Enquirer: 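Mind looking over this structure? Questions follow.
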Amino acid sequence: AEAQLQGGNRATIIDAVTMGFTTAMSDVNDVIIAAVQTGKVKLAYQPMINAKNGVVAGYEALARIALADGTLLTAARFMPLIEKLGMTLELDGQVLRQVAYELYEQPDLNLAMNISGATASMPAWTVLLVEVLAARPGIASRLTIEMTETTAITNLAQARKLADFCMTLGISLSFDDFCSGHTSLF
């Protein structure tokens, strides 16, 4: 519009600050951080279909963050920021608590949830898992933990311990979007 006002064959260079994009981006980032810090992460449930018989076998609980206008942000939008800020344990912990609640309240339900490779590398995740499962007995066999590949697993020994621990408890493990990210096998 500015180039049109000046007339002729002109081009005007604008930047994100001039257009207000930086402020808007900062506001969204603030909402994302606040949602994780205050427990405002929501879950959306995606059906998991049994390929053999076409029956719903359970649901994958997907983290979402709501903006003031009601727009739901997917993990693709907020995970890079959460990972950069080292907040994966907080986010994954919130999802775990919500999933555990749903499994406890609905004994016929099977749920899967994602955790970051960064979270899988943290001993604190195993401690949290033990605490949540102790508070909600009987849910482990209906829980699947999917390790995402948005960040590499940095502590393979800890991830191996987590895998062994989950198998002992009857929790299923899988890789989410296998071979589309930072694949690290242990």
Side-chain angles (χ1 to χ4, degrees), residues 32 35-66 72-76 78-79 82-83 86-178 181 183-186:
I32 292 168
V36 172
Q37 290 175 333
T38 61
K40 303 278 190 208
V41 175
K42 299 179 181 303
L43 297 181
Y45 296 95
Q46 177 177 305
M48 298 183 301
I49 308 298
N50 182 319
K52 291 179 184 175
N53 60 20
V55 174
V56 174
Y59 297 86
E60 183 174 3
L62 303 169
R64 299 290 184 257
I65 295 177
L72 289 177
L73 299 178
T74 65
F78 59 79
M79 280 309 295
I82 296 304
E83 289 169 342
M87 297 175 71
T88 60
L89 182 62
E90 291 86 348
L91 173 70
D92 293 339
Q94 276 189 53
V95 173
L96 174 63
R97 286 182 192 93
Q98 291 180 52
V99 164
Y101 173 82
E102 293 299 331
L103 288 170
Y104 191 74
E105 292 295 314
Q106 300 180 57
D108 294 330
L109 183 63
N110 293 306
L111 288 176
M113 62 167 288
N114 296 313
I115 66 168
S116 169
T119 297
S121 299
M122 296 178 191
W125 172 254
T126 304
V127 172
L128 178 62
L129 193 54
V130 168
E131 290 172 1
V132 169
L133 291 176
R136 307 271 188 211
I139 68 167
S141 64
R142 296 179 291 117
L143 173 63
T144 299
I145 294 177
E146 299 182 358
M147 290 189 236
T148 63
E149 294 190 83
T150 53
T151 58
I153 295 171
T154 57
N155 184 338
L156 292 179
Q158 178 58 37
R160 177 70 174 198
K161 285 180 188 176
L162 173 62
D164 292 342
F165 178 70
C166 287
M167 288 190 308
T168 300
L169 294 175
I171 297 171
S172 298
L173 284 176
S174 66
F175 284 99
D176 196 30
D177 303 323
F178 189 64
T183 303
S184 30
L185 298 176
F186 47 90

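Below, all heavy atoms of this structure are taken into account, side chains as well, without hydrogens, waters or symmetry copies. Note that this is a predicted model, so its numbers are computed, not measured.
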Enquirer: Any sub-3.5 Å donor-acceptor pair from Asn110's side-chain atoms to Ala57's backbone N or O?
Expert: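 Judged by distance alone, yes, a pair lies under 3.5 Å.
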Enquirer: Can you list the residues that meet the side chain to side chain donor-acceptor pair (under 3.5 Å) rule with Glu102, with sequence neighbours excluded?
Expert: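 Scan of Glu102 (side chain to side chain donor-acceptor pair (under 3.5 Å), adjacent residues dropped) gives Gln106.
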Enquirer: Do Leu91 and Leu89 have side chains that approach each other closer than 4.5 Å (heavy atoms only, starting at C-beta)?
Expert: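 No, their side chains stay 4.5 Å or more apart.
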Enquirer: Is the backbone of Leu103 close enough, under 3.5 Å, to the side chain of Arg136 for a donor and an acceptor to pair up by distance?
Expert: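 No.
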Enquirer: Is the shortest heavy-atom distance from the side chain of Met147 to the side chain of Ser174 under 4.5 Å?
Expert: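 They are not in contact (no side-chain heavy atoms under 4.5 Å apart), so the answer is no.
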Enquirer: Counting neighbours of CZ on Phe165 that are heavy atoms of other residues, nucleotides or ligands and sit closer than 6.0 Å, is the number greater than 12?
Expert: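 Yes, CZ of Phe165 has more than 12 neighbouring heavy atoms, counting only those of other groups under 6.0 Å.
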Enquirer: Is the shortest side-chain heavy-atom distance between Ile171 and Thr144 below 4.5 Å?
Expert: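 The answer is no, as the side chains (C-beta and beyond) never meet within the 4.5 Å cut-off.
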Enquirer: So how far is it from Ile82 CD1 to Glu90 CD, rounded to the nearest 0.5 Å?
Expert: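 Reported value, rounded in 0.5 Å steps: 8.5 Å.
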Enquirer: Has Arg64 got a side-chain atom pairing as donor or acceptor with Leu73's backbone, closer than 3.5 angstrom?
Expert: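 No, the answer is negative, given that no donor and acceptor are paired below the 3.5 Å cut-off.
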Enquirer: Would you call Ile139 and Val99 a side-chain contact if the rule is heavy atoms closer than 4.5 Å?
Expert: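 Of all side-chain heavy-atom pairs linking Val99 with Ile139, none is under 4.5 Å.
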Enquirer: Any side-chain heavy-atom pair from Glu146 and Met113 closer than 4.5 angstrom?
Expert: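 Result no, sub-4.5 Å side-chain heavy-atom pair not found.
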Enquirer: Would you give me the side-chain donor-acceptor pairs under 3.5 Å for residues 124-135, sequence neighbours excluded?
Expert:
from, atom 1, to, atom 2, distance (Å)
Thr126, OG1, Gln158, NE2, 3.2

Enquirer: Can you tell me how far the CD1 atom of Ile145 sits from the CG atom of Leu169, to the nearest 0.5 Å?
Expert: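 Atom-to-atom, Ile145:CD1 and Leu169:CG are 9.0 Å apart.
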Enquirer: Check whether any side-chain heavy atom of Ser172 sits under 4.5 Å from a side-chain heavy atom of Leu143, and report yes or no.
Expert: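 No - every pair of side-chain heavy atoms lies 4.5 Å or more apart.
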Enquirer: If you compare all heavy atoms of Ala63 against all heavy atoms of Val95, which two are closest, and at what distance to 0.1 Å?
Expert: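 That would be CB-CG2, 4.0 Å.
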Enquirer: Return yes if some donor-acceptor pair links the side-chain N/O of Thr168 with the main-chain N/O of Asp164 below 3.5 Å, else return no.
Expert: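 At least one qualifying donor-acceptor pair exists.
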Enquirer: For residues 39-54, which side-chain N or O atoms pair as donor and acceptor with protein atoms under 3.5 Å away, sequence neighbours left out?
Expert:
from, atom 1, to, atom 2, distance (Å)
Asn50, OD1, Lys52, N, 2.7
Asn50, OD1, Asn53, N, 3.4
Asn53, OD1, Val55, N, 2.9

